[in-house]
Amino acid sequence: MRASQFYIKTTREAPLEAETISHKYLTRASFIQQIAAGIFSIMPLGWRSLEKIRHIIREEMNNAGALEVTMPVVQPRSIWEESGRADTYVPPLARFSDRRDRDMVLAPTHEETVSIMGRYGITSYRDMPLRLYQIQTKFRDETRSRGGLLRVREFEMKDAYSFDADDAGLDASYDAMAEAYHNIFSRCGLDAVMVEADSGSIGGKDSAEFALLAASGEDSVLICDSDCCGYGANLEKAEFVKSPNASEDPGELEKFATPGVKTIAALAELEDVSSAKTAKAVFYAIDDQVYVVVIRGDYEVNETKLRNMMGGSEPRFATPKEVESAGFVPGSASAIGVDSAYVIADDSVVENANLLAGANEDGHHYRNSNYGRDWSADHVGDIAAAAEGCKCARCPDGHLESHRGIEVGHIFKLRTVYSEAMNVKFNDVNGRLQPSYMGCYGIGTGRLLAAAVEANHDERGMMLPKSIAPFEVVLVGVNLHNNEEVRETAESLYGQLTKAGIDTLFDDREEAAGVKFADADLIGMPVRAVVSPRSIQNGGVEIKHREQAPSDSRICSASEAVDAIEALLGG
RNA sequence: CGGGGAGUGGCGCAGUGGAAGCGCGCCUGCUUUGGGAGCAGGAGGUCGCGGGUUCGACCCCCGCCUCCCCGACCA
C-alpha cells in the first residue's frame with residue numbers, strides 16, 4: 001500500500017479527553033475516531049489491525065470446530081422476556097420502539113438468538129456438539145465508558161456458543177475453546193494469562209478469563225509465584241490459605257475504654273498488636289436484610305464470595321440508618337451482645353482466639369472475644385478477599401502476586417440456564433427430552449487491540465506485534481521526488497516486498513523525512529526500511545526493527561534487502 | 001447515579017462587558033528533504049444550546065446538553 005493512496009492523518013497532540021496510552025496513540029495515529037462517549041469509528045489503519053485480529057480468530061475458531069454465523073444486533077424485546085433477562089440484564093438493555101411500536105432492544109450479547117438458532121435444528125444428541133460463533137457488534141449501555149477502546153458501549157466482539165448433550169461434552173467444548181483462546185492470544189503476540197473467574201449471577205459452574213497484564217487494566221488478578229501449580233484467579237474468585245494466629249487458650253472477655261478509636265488500625269495500635277488479632281465488623285444489606293459481617297481485621301470482605309454464599313443476591317453497603325436500627329455502634333461494632341442481629345462470619349474469626357472486638361458501646365471494645373463462647377454466626381465460610389502475598393491454596397510454597405489486568409477474553413460454562421428458558425432440548429440416547437448444555441466464549445476485538453497497545457509501546461508510539469500491526473514493514477523513501485536513483489531503488493524494493501507477500505506500507509508522500517520517521521514510529525510497524533541518498537551512498541537500504549534505536553540500524557544492499565527484512569521480521 | 005473537571009477554526013490552547021486571537025495542521029507559490037522544515041501569501045469560527053440582564057454578551061445570571069476523570073456499577 002502506498003501511503004499517498006491511503007488515509008493516514010497523524011497528529012502531534014492527542015485530544016484533551018484521551019488519557020490512557022492506547023486512546024492517545026490510537027487517536028493520534030488515526031486508527032480510531034470518537035463519535036460519542038464509548039462509541040468509535042474505526043479508520044483504515046485501525047481496520048487493518050482489527051482485520052488481522054479477526055483473521056486469526058476465525059482460523060482458530062474454525063480449527064476448534066466452530067461455524068461462523070451472524071445474528072442480529074436489533075432484536076425484539078420479546079425474546080429477552082423469554083430468557084428472563086428483559087428486566088434483569090445489567091447494565092440496562094438499550095431499548096427503542098420501531099415504527100409499529102414494537103419493543104426492540106440493541107443486543108448486548110447473543111445467548112437468546114443463538115438459543116433460537118440451536119433449538120431449530122438440535123433434536124437429538126447426535127446433533128451435538130454444535131459450536132457457533134460470530135464477529136458482531138454489541139451495544140451495552142454501560143453507566144460509564146472509559147479509556148478509549150478499553151471500555152466502550154458499542155463494540156465488536158467475537159462471541160462463540162457451544163451446545164452439548166451433557167457435562168462431559170460441555171467440558172470438551174470448553175477445553176477446545178480455551179485452547180483456541182490460548183492460540184489466538186499467542187498468535188496476536190500477547191502474553192495473556194488464563195485465570196479462574198467467578199461465573200457471575202448467571203450461574204454455570206466454571207468460568208475463566210484471559211487477562212493481559214498491564215498497569216492500566218481494570219481487573220485485579222492474583223497469580224501464584226511458584227512454578228508448580230500455575231494458579232491464577234481474578235480478585236472476585238481468588239482462593240488463598242489464611243495464616244492462623246499463634247494458638248492460645250481463651251482468655252476472659254474484658255471490656256475496656258477506647259476513646260476515639262474508630263478503626264481497626266487505631267485499635268491495633270492502641271493495644272500494640274497486629275490487626276490479625278482483631279475482629280472487624282462491616283455491614284451489608286442483602287435483599288434489604290441487614291447483616292453484620294465479621295472478618296479478621298487484616299482481611300477485606302470479597303463481595304462476590306459473600307454474594308455466592310448468600311445465594312446470589314447482590315450485597316450492598318448498609319446505610320447508617322439501617323446499621324443503627326439493627327443495634328450496632330459503628331466504630332465499636334461487633335456481633336457480641338446483639339442477639340437479634342443476622343451475623344455472617346468469615347472463617348478467619350471463627351478459628352482464631354482472643355480477638356479484639358467492638359463492644360457496641362461508643363468508645364469501648366472487648367479483649368479476648370472468642371467465637372462460640374461470646375458470639376455466634378448464622379453463616380460461616382470463606383468471604384475474604386485475596387491480596388498480594390497471601391498463601392496459595394493450590395501448592396505448598398507459593399504466594400499470590402497481585403497484578404492489574406485487561407480482560408480480553410472470557411469463557412463460561414452456562415450449562416442449562418438458557419436451554420431451559422429458551423427450550424433448547426433434545427432426545428438423549430434413552431429417548432428422554434433433555435436441555436442442551438451450553439457454553440459461551442467472548443473476545444472483544446477492539447479491546448484486544450487497545451490492550452495490545454497498552455502492553456506494547458514506548459514514548460514515540462505503538463509497537464504492535466507483527467501479527468496485528470496494520471503493516472509489517474514501512475518503506476520510507478527520502479528525497480523520492482527529486483532523486484531518480486532513490487525513487488528507482490525504493491520502487492523496486494516495494495515491488496519485491498509485495499511480491500514476497502510482505503505487507504508493506506510504502507511511504508511515498510511528499511513529506512519531510514522527519515515527518516515520515518515520526519509517523520512510522522507512532523504507527524509502529526515492526527520493521528522500517530529507508531531508501532535515501534544517504535542510504536544509497538552507504539550501500540543500499542537501511543533497515544531496523546521498531547524496537548531498535550535509530551543508531552542500531554544497519555545497511556544492506558538492495559539485492560539482499562528482502563531477505564534481511566524477512567530475517568528482521570522473524571519467521 | 002454521587003463527586004470533580006472541561007466545552008472558543010480540524011487538534012492543542014489564550015482571551016476581554018465594546019472589531020475573536022496564538023501554536024500546530026490546511027491551501028497557493030518558491031525554497032527544502034535523516035527526526036514532525038524555511039520564506040511569502042491565503043482559507044477556515046453560530047465562542048456547546050436555549051433563555052435572561054445590558055445600548056451592547058464569547059465574557060454576567062438561569063436552565064439544559066455534551067465530553068473527560070474518580071467512585072458506584074459491569075450476563
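Hydrogens, waters and symmetry mates are skipped; everything else that's a heavy atom, side chains included, is used.
With rounding to whole Å, A/Glu112 atom CD is found 14 Å from B/rA75 atom P. Summarising the geometry, the separation between NE2 on A/His410 and P on B/rC74 is reported as 14 Å, rounded to the nearest angstrom. As a whole-Å value, the separation of A/Asp507 CG from B/rG34 P is 14 Å. Look at OH on A/Tyr89: it is 16 Å from P on B/rC73, rounded to the nearest Å. If you take CG of A/Leu93 and C1' of B/rA75, they are 10 Å apart, rounded to a whole angstrom. We find that CD of A/Gln34 is positioned 14 Å from P of B/rU66, with the value rounded to whole Å.
With ring centers used as reference points, A/Phe283 lies under 6.0 Å from A/Phe328.
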Show each protein N/O and nucleotides 6-15 of chain B N/O combination with a separation under 3.5 Å, one pair to a line.
from: B/rG12; atom 1: OP1; to: A/Leu16; atom 2: N; distance (Å): 2.7
from: B/rG12; atom 1: O2'; to: A/Glu13; atom 2: OE2; distance (Å): 3.1

Extract from the structure each pairing of a protein N or O with an N or O of nucleotides 38-48 of chain B at less than 3.5 Å, listing the distance.
none

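For RNA chain B, if you chain together Watson-Crick or G-U pairs that step i with j, i+1 with j-1 and so on, the runs of at least three with distances under 3.5 Å are B:1-7 with B:65-71, B:10-13 with B:21-24, B:26-31 with B:37-42, B:48-52 with B:60-64.
Within the nucleic acid shown, A/Val530 comes within 4.0 Å of at least one base atom, counting heavy atoms only.
Contact annotation: side chain of A/Arg140 to base of B/rA75, donor-acceptor pair present below 3.5 Å.
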I'd like a table of donor-acceptor pairs (distance under 3.5 Å, sequence neighbours excluded) in which one partner is a side-chain atom from residues 513-524 of chain A, with atom names and distances.
from: A/Lys516; atom 1: NZ; to: A/Gly477; atom 2: O; distance (Å): 2.8
from: A/Lys516; atom 1: NZ; to: A/Asp507; atom 2: O; distance (Å): 3.3
from: A/Lys516; atom 1: NZ; to: A/Arg509; atom 2: O; distance (Å): 2.6
from: A/Asp519; atom 1: OD1; to: A/Thr10; atom 2: OG1; distance (Å): 2.6
from: A/Asp519; atom 1: OD2; to: A/Thr10; atom 2: OG1; distance (Å): 3.4
from: A/Asp519; atom 1: OD2; to: A/Arg509; atom 2: NH1; distance (Å): 3.3
from: A/Asp519; atom 1: OD2; to: A/Arg509; atom 2: NH2; distance (Å): 2.9
from: A/Asp521; atom 1: OD2; to: A/Arg460; atom 2: NE; distance (Å): 2.9

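Evaluation of the side-chain hydrogen bond (donor to acceptor under 3.5 Å, both in side chains) rule for A/Arg546 yields A/Asp458 as partners, not counting sequence neighbours. Scanning for side-chain hydrogen bond (donor to acceptor under 3.5 Å, both in side chains) contacts around A/Asn538 gives an empty result, with sequence neighbours left out.
When the P atom is used for both B/rG15 and B/rC59, the distance is 15 Å, rounded to whole Å.
With hydrogens and angles disregarded, no donor-acceptor distance shorter than 3.5 Å links the side chain of A/Tyr161 to the backbone of A/Ser115.
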